[in-house]
Amino acid sequence: MRKMLMLVISFLAVNAMAQSLHRFPDGWDKDMESKIERVLEQLTLQEKVALCHAQSKFSSAGVPRLGIPENWMTDGPHGIRPEVLWDEWDQASWTNDSCIAFPALTCLAATWNEHMSQIYGKAIGEEARYRNKNVLLGPGVNIYRTPLNGRNFEYMGEDPFLASRMVVPYIKGVQSNGVAACVKHFALNNQEINRHGVNVIVDDRTLYEIYLPAFKASVQEGGAWAIMGAYNKYRNQYCCHNDYLLNDILRKEWGFDGVVVSDWGGVMDTREAALYGLDMEFGTWTDGLTEGLSNAYDSYYLAQPFLKMLQSGELSEDVVNEKARNILRLIYRTNLNPHRPLGSFGTEEHALVGRQIAEEGIVLLKNDKKTLPFNISIGTHILVVGENAIKPMTVGGGSSSLKAKYEVSPLDGIKARVGDNAKVTFARGYVGDVLTVQDGLRSSTDLSDNRSKEELISEAVSAAKDADVVIFVGGLNKSSGQDSESNDRASLGLPYGQDDLIEALVKANSNLLVVNISGNAVSMPWVKSVPAILQGWFLGTEAGNALASVIFGDTNPSGKLPFSFYAQLDDNGAHALNAYPGGDDVEYKEGLFVGYRWLDKHNIKPLFSFGHGLSYTSFSFGKAIADKKTMQIDDTIEFKVSVKNTGSVAGAEVIQLYVEDVKSSLPRPIKELKSFRKVWLEPGEEQVVSMTLSKEDLSFFDDIKHEWVAEPGDFIAHIGNSSTNIKSKVRFVLE
Ligand code: BGC
């Protein structure tokens with residue numbers, strides 16, 4: 001009954017959102033360009049320059065004389081950041097800015113469901129709109145190169161195709177509110193260590209095939225109105241003013257007509273910022289604005305120093321006109337758009353959207369002997385162990401830290417779900433980080449505990465012996481050195497002695513579920529002895545309810561990993577080649593072979609594969625067939641495969657198609673994801689799934705010709721439900 005009710009509520013909420021997806025009337029912006037030119041003619045040089053730099057931590061000036069509104073930005077990417085003081089990172093202590101925290105983007109990517117991206121984007125865009133923000137600093141699509149990157153949780157995994165498919169609907173959803181999505185961090189920001197200085201060395205093929213596709217899709221398919229430059233350098237030039245990335249690729253090759261926003265403090269030089277593609281400078285001297293004149297914003301690189309160069313003729317006025325044009329276009333699309341909706345904030349509908357995404361993104365990694373879902377009856381004793389069962393996770397992590405309207409902890413979610421039907425007790429198990437203030441946000445939960453590791457383990461173990469079921473909730477957290485900005489993780493292992501605790505728990509009670517809360521892969525030395533493992537991500541406001549829903553079987557899990565889990569760090573290419581974190585330079589020596597591409601090449605068995613995720617039901621796959629044996633270059637080829645739910649509960653499966661180029665003039669990964677479909681099947685139901693490839697899906701980037709090339713010859717489509725669980729292979733020829 002309860003399950004039915006929840007399904008109906010979430011169906012109604014999501015349906016209402018899908019139906020009300022706002023579309024602006026066709027052609028509403030047809031006069032925009034001529035209006036922009038008319039405004040531009042009226043602006044003084046000073047007014048044009050004022051558009052190009054911040055006036056506070058998160059805002060930039062409009063043109064007050066003409067009624068052109070200011071720009072107000074907000075982080076992103078999984079909730080609306082609370083207000084900060086004008087010149088400081090410190091909180092402004094407003095009481096109307098507590099948002100709905102949505103699941104972090106790794107969880108969204110793990111749904112492998114583009115519809116989830118669309119409702120996510122629409123809902124977070126509504127929150128931004130209501131808070132009068134016209135630019136959302138997100139989504140993030142930097143590729144997961146190493147599991148140590150502290151910011152992987154803000155991104156969409158290791159595969160350029162998956163990230164591209166998932167980012168487009170998010171952007172469209174956000175922008176349907178008249179709020180710009182600002183896709184970040186362009187480009188090659190794949191580590192936090194030395195992020196402000198490191199120069200990335202990567203070959204053009206790898207750049208185009210691995211690190212750029214999600215940005216390109218954001219621009220060309222998502223129609224993103226803004227993009228944020230990265231902190232790091234590429235070709236020894238800062239990415240916030242990088243001639244090759246911003247002028248050649250973004251503007252000329254991709255036709256981007258939005259604004260390029262700097263990362264906060266990412267601008268280093270006036271001349272470069274003027275000439276190499278940047279439009280808006282933010283966050284320079286982020287530490288208290290001590291430099292410069294009485295109003296330090298006047299000293300920004302794109303403020304007085306820029307004005308002087310324009311006045312002296314060192315720079316032509318065309319340079320600032322181009323930037324002003326882009327910025328006015330942003331303002332027209334957002335704050336001056338007469339059709340934009342009003343937005344809404346902190347609503348139950350948004351919380352339900354977050355919950356649905358969380359439930360769909362949770363990944364069932366292991367489930368021996370059908371340990372899950374747990375069946376409970378009156379008198380069942382459930383022991384919950386672990387700091388992450390009680391630690392708020394919407395706070396921390398850096399710029400994405402949130403002041404959530406509420407957050408249901410895993411422990412509270414489990415208690416609420418079982419109600420009086422079972423006894424739930426808690427043991428701390430380990431003490432991790434007990435900080436109460438992070439990123440200017442005070443947590444209301446007091447986590448202090450002075451007991452020794454031995455005392456904590458011994459308490460948990462003796463409680464486990466008395467319990468029917470043990471649920472360990474651990475993993476990483478949002479503290480520095482974990483899943484957090486500015487720093488990377490020190491190792492792949494779980495911190496705070498959790499491995500010892502898990503081994504002790506499973507010896508005491510083998511009916512153990514481990515829930516790993518993280519945005520990154522972790523090693524699991526105990527994987528063989530623990531029967532059930534869930535990947536829990538950072539799930540936001542409704543975290544505990546979503547987890548409980550999966551644990552007790554109200555939701556049948558259907559999430560799939562958006563990145564590989566490695567048995568050990570050296571199974572990852574960047575680490576195997578000692579190509580991380582580098583010093584002044586970091587060379588991406590593994591090239592194209594990121595994630596499963598490396599594992600495939602070296603025949604390394606991952607702990608859990610990219611694309612892996614179990615269900616409470618079972619699926620059988622028929623033999624895949626193609627509609628032709630030979631595909632002409634301008635044609636497409638269609639694959640069909642039947643999938644049947646052979647178990648006793650309804651569930652969803654993700655059918656994944658990977659392409660192998662059998663013989664190629666350049667080295668290529670053994671296989672690459674090029675299509676996927678998620679299907680929902682009732683028990684016994686069978687569906688034929690169709691997936692189509694075109695020449696783009698068969699191409700590689702030829703860096704000598706500087707173009708995408710599909711080479712005639714043999715290809716194989718690998719169709720399965722993870723990168724290592726291939727159910728059928730279909731060979732075909734490209735003519
Ligand atoms: C982060 C960005 C963020 C900005 C504003 C920077 O440190 O890298 O992702 O949007 O701060 O908070």
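Every number for a ligand or one of its atoms is a count from 1 in the order of the listing. As the structure is a computational prediction, the values presented were derived from the model and not from experiment.
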Under the rule for salt bridge (Lys or Arg N to Asp or Glu O under 4.0 Å), what residues qualify as partners of Glu590, not counting sequence neighbours?
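Glu590 satisfies salt bridge (Lys or Arg N to Asp or Glu O under 4.0 Å) with Arg145 once adjacent residues are dropped.
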Pick from Thr106, Asn152, Asn149: which one makes a side chain to side chain donor-acceptor pair (under 3.5 Å) with Asn520?
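Going through Thr106, Asn152, Asn149 one by one, the side chain to side chain donor-acceptor pair (under 3.5 Å) with Asn520 is satisfied by Asn152 alone.
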Any side-chain donor-acceptor pair under 3.5 Å between His196 and Tyr238?
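Looking only at side-chain atoms, Tyr238 and His196 do not form any donor-acceptor pair under 3.5 Å.
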Using distance alone, with no hydrogens and no angle criterion, decide if Glu281 and His53 have a side-chain donor and acceptor under 3.5 Å apart.
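No.
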Any idea which residues sit under 4.0 Å from ligand 1, heavy-atom distances?
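Those residues closer than 4.0 Å to ligand 1 by some heavy atom are Phe58, Asp75, Arg81, Trp89, Leu137, Arg151, Lys184, His185, Arg195, Met228, Tyr231, Asp263, Trp264, Ser399, Glu485.
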Before accepting this row, confirm whether a basic side-chain N of the pair Asp279/Arg251 lies closer than 4.0 Å to the acidic partner's carboxylate O.
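Salt bridge: yes.
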Are the aromatic ring centres of Tyr332 and Trp225 under 6.0 angstrom apart?
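No, the ring centres sit 6.0 Å or more apart.
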